[in-house]
Amino acid sequence: MPFELSPSRHIFALVDANNFYASCERVFDPSLRGKPVVVLSNNDGCAIARSNEAKALGIKMGQPFFEWKSMVKTHGIRVLSANFSLYGDISHRIMEILRNFTPDLEVYSIDEAFLGLEAFRIDDYWRFGQDIRQAVLKHTGVPVSVGIARTKTLAKLANHIAKKRPGQDGVCSLLAMDEAERLMKELPIEKVWGIGGHKAQWLKERGILSVLDLRNADDRLIKKNLSVVTLRTVYELRGIACLDLAAAEPAKKTIATTRTFAEDVRSRFDLEEAVSVYVARAAEKLRSQSSLAGCIQVFIATSPFRLHYYSNSATGRLIPATDYTPDLMSCARSLLDQIFRDGLAYKRGGVILSDFVPAAATQEELFESREKFDRQHRLMGVVDHLNATVAHGTVRFAREGASQLGSTKQTRRSGQVTSSWEELPAVR
DNA sequence: TCTGGGGTCCTAGGACCC
DNA sequence: TCTGGGGTCCTAGGACCC
């Protein structure tokens with residue numbers, strides 16, 4: 001058997017912010033409250049967060065801006081470029097508040113976390129959920145919803161109910177199984193964590209329509225056709241925990257920096273500049289988790305929405321594994337040579353690092369020059385420190401260029417109110 | 001005209017080996 | 001008509017997530 005079959009004795013709470021990016025914007029600009037708010041992706045391309053008012057207008061997640069631009073004036077929609085440093089900062093504060101409720105905390109994404117509660121004696125879970133909501137709202141201004149249940153998948157479902165069902169007041173517990181069954185009967189399967197469009201379609205064609213149907217589905221049918229991942233989901237719906245709380249953040253196995261360019265890039269030189277910027281950024285992330293990369297991949301592509309789409313990538317091995325930006329840039333440049341074709345209008349590009357080893361591990365190949373390695377390591381340490389403490393981009397490599405080629409367009413961004421002294425809000 | 005970015009896990013199928 | 005068998009390792013691509 002792949003996992004234990006006994007009912008879970010865990011208790012999970014999933015805390016998830018409501019319309020997180022839109023709510024963050026409202027914290028520092030009260031004039032956004034009560035109005036439809038939409039936050040845009042890089043290059044102001046498409047909607048990545050919507051307030052409830054904007055959702056009610058029919059603007060979809062991921063929908064391109066130009067498709068609903070005409071509604072902005074008529075409905076008074078407030079449109080903003082993404083301000084990720086602000087969201088990251090507020091996210092961090094929320095997680096610290098949640099840590100006061102339990103040390104068993106898994107930060108699952110920028111706007112949600114699982115809490116392990118089985119170690120506590122809690123008489124009224126609904127009340128407990130309300131306490132969490134009020135603490136986060138009071139200290140950050142961001143509204144959150146809380147779902148409580150015996151498995152992570154059920155806690156996710158509970159959170160969905162907490163958000164959508166009137167009268168829940170933002171909290172829902174599925175600890176009482178008969179109540180859980182009643183609600184499952186009403187919910188369609190695509191609301192389940194792990195059931196995407198493809199699997200939902202397949203299941204519906206076989207008459208499995210509600211969450212309750214899925215919970216009662218035949219194990220063999222699920223495993224044979226939809227893999228063990230979905231079988232695990234079905235077990236979780238039955239209250240059998242297959243997913244544990246991951247309190248420690250695991251090191252990443254791949255690190256990517258990819259962008260859609262603000263404008264077409266045509267020349268080999270300009271493309272190299274853009275790729276170098278992405279290498280520098282990816283290498284910085286690599287060093288922040290103390291890894292060395294053994295593999296680097298570079299890709300470039302023209303617009304997939306135009307004729308004659310071209311997309312290609314090249315992969316190189318790094319021997320020995322490294323986190324040294326200049327070496328990564330040299331390798332990226334020769335990879336770019338392999339895939340660059342003249343005469344095309346490039347619209348996207350990126351760098352992906354993988355095959356990591358811990359930076360602390362003894363590098364057998366390094367006996368040639370331990371000293372050189374140490375020198376490089378110190379240099380990168382200084383660069384990272386300056387960019388982290390003074391301002392990002394304080395120190396750059398010549399190959400990154402001085403122009404803004406390959407960078408993104410953000411014409412509607414709110415201020416750096418929490419991360420820049422100059423823009424700190426004044427209270428009167 | 002205008003269409004995001006960064007991850008994880010699993011599976012199928014090819015290469016290779018004995 | 002008939003074309004070994006079984007194992008491992010690796011990679012590309014699919015599906016899903018936020």
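A, B, ... follow the sequence lines: proteins, then strands. Residue 1 opens every chain. All values reported here derive from a predicted model rather than from experimental measurement.
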- Query: What string of B, S and - do you get for nucleotides 7-18 of chain C, 5' to 3', if B is base contact, S is sugar-phosphate-only contact and - is no contact with any protein heavy atom under 4.0 Å?
  - Reply: --------SSSS
- Query: Rounded to the nearest 0.5 Å, what separation is found between the CG atom of A:L328 and the OG atom of A:S276?
  - Reply: 11.0 Å
Decide, yes or no, whether a salt bridge links [X] with [Y] under the criterion of side-chain N to carboxylate O below 4.0 Å.
X      : Y      : result
A:R333 : A:D337 : no
A:D219 : A:R238 : yes
A:K185 : A:E181 : no
A:E186 : A:R165 : yes
A:R281 : A:E284 : yes

Please tabulate, one pair per line, all N/O donor-acceptor pairs under 3.5 Å involving side-chain atoms of residues 340-352 of chain A, not counting sequence neighbours.
from, atom 1, to, atom 2, distance (Å)
A:Y346, OH, A:R341, N, 2.9
A:Y346, OH, A:R341, O, 2.8
A:K347, NZ, A:F261, O, 3.3

- Message: According to ring pair (Phe, Tyr, Trp, His ring centres under 6.0 Å), does anything in residues 188-213 of chain A pair up with another residue at least two apart or in another chain? List the pairs.
- Response: A:Y108-A:W193, A:F114-A:W193
- Message: Between A:V144 and A:L137, is the side chain to side chain contact (heavy atoms under 4.5 Å, CB included) condition met? List the steps.
- Response: CA-CA 8 Å; A:V144 299; A:L137 188 65; over 6 Å; no
Extract all donor-acceptor atom pairs below 3.5 Å that involve side chains of residues 28-41 of chain A and protein atoms in other chains or at least two apart in sequence.
from, atom 1, to, atom 2, distance (Å)
A:D29, OD1, A:S31, N, 3.1
A:D29, OD1, A:S31, OG, 2.7
A:S31, OG, A:R78, NH1, 3.2
A:R33, NE, A:R26, O, 3.3
A:R33, NH2, A:R26, O, 3.0
A:K35, NZ, A:S31, O, 3.0
A:S41, OG, A:G45, N, 3.4
A:S41, OG, A:C46, N, 2.9
A:S41, OG, A:C46, O, 3.4

Using a cut-off of under 3.5 Å, enumerate the N/O to N/O pairs linking the protein to nucleotides 1-5 of chain B.
from, atom 1, to, atom 2, distance (Å)
B:dC2, OP1, A:R306, NH2, 2.6
B:dG4, O4', A:S41, OG, 2.8
B:dG5, OP1, A:T260, N, 2.6
B:dG5, OP2, A:T260, N, 3.1
B:dG5, OP2, A:T260, OG1, 2.7
B:dG5, O3', A:R259, NH1, 3.3

- Base, sugar-phosphate, or nothing for A:L40, non-hydrogen atoms under 4.0 angstrom? nothing
- Query: In dot-bracket form, how is DNA chain C paired, counting a Watson-Crick or G-U wobble pair only if both its distances are under 3.5 Å and using | for bases paired to another strand?
  - Reply: ....||||||||||||||
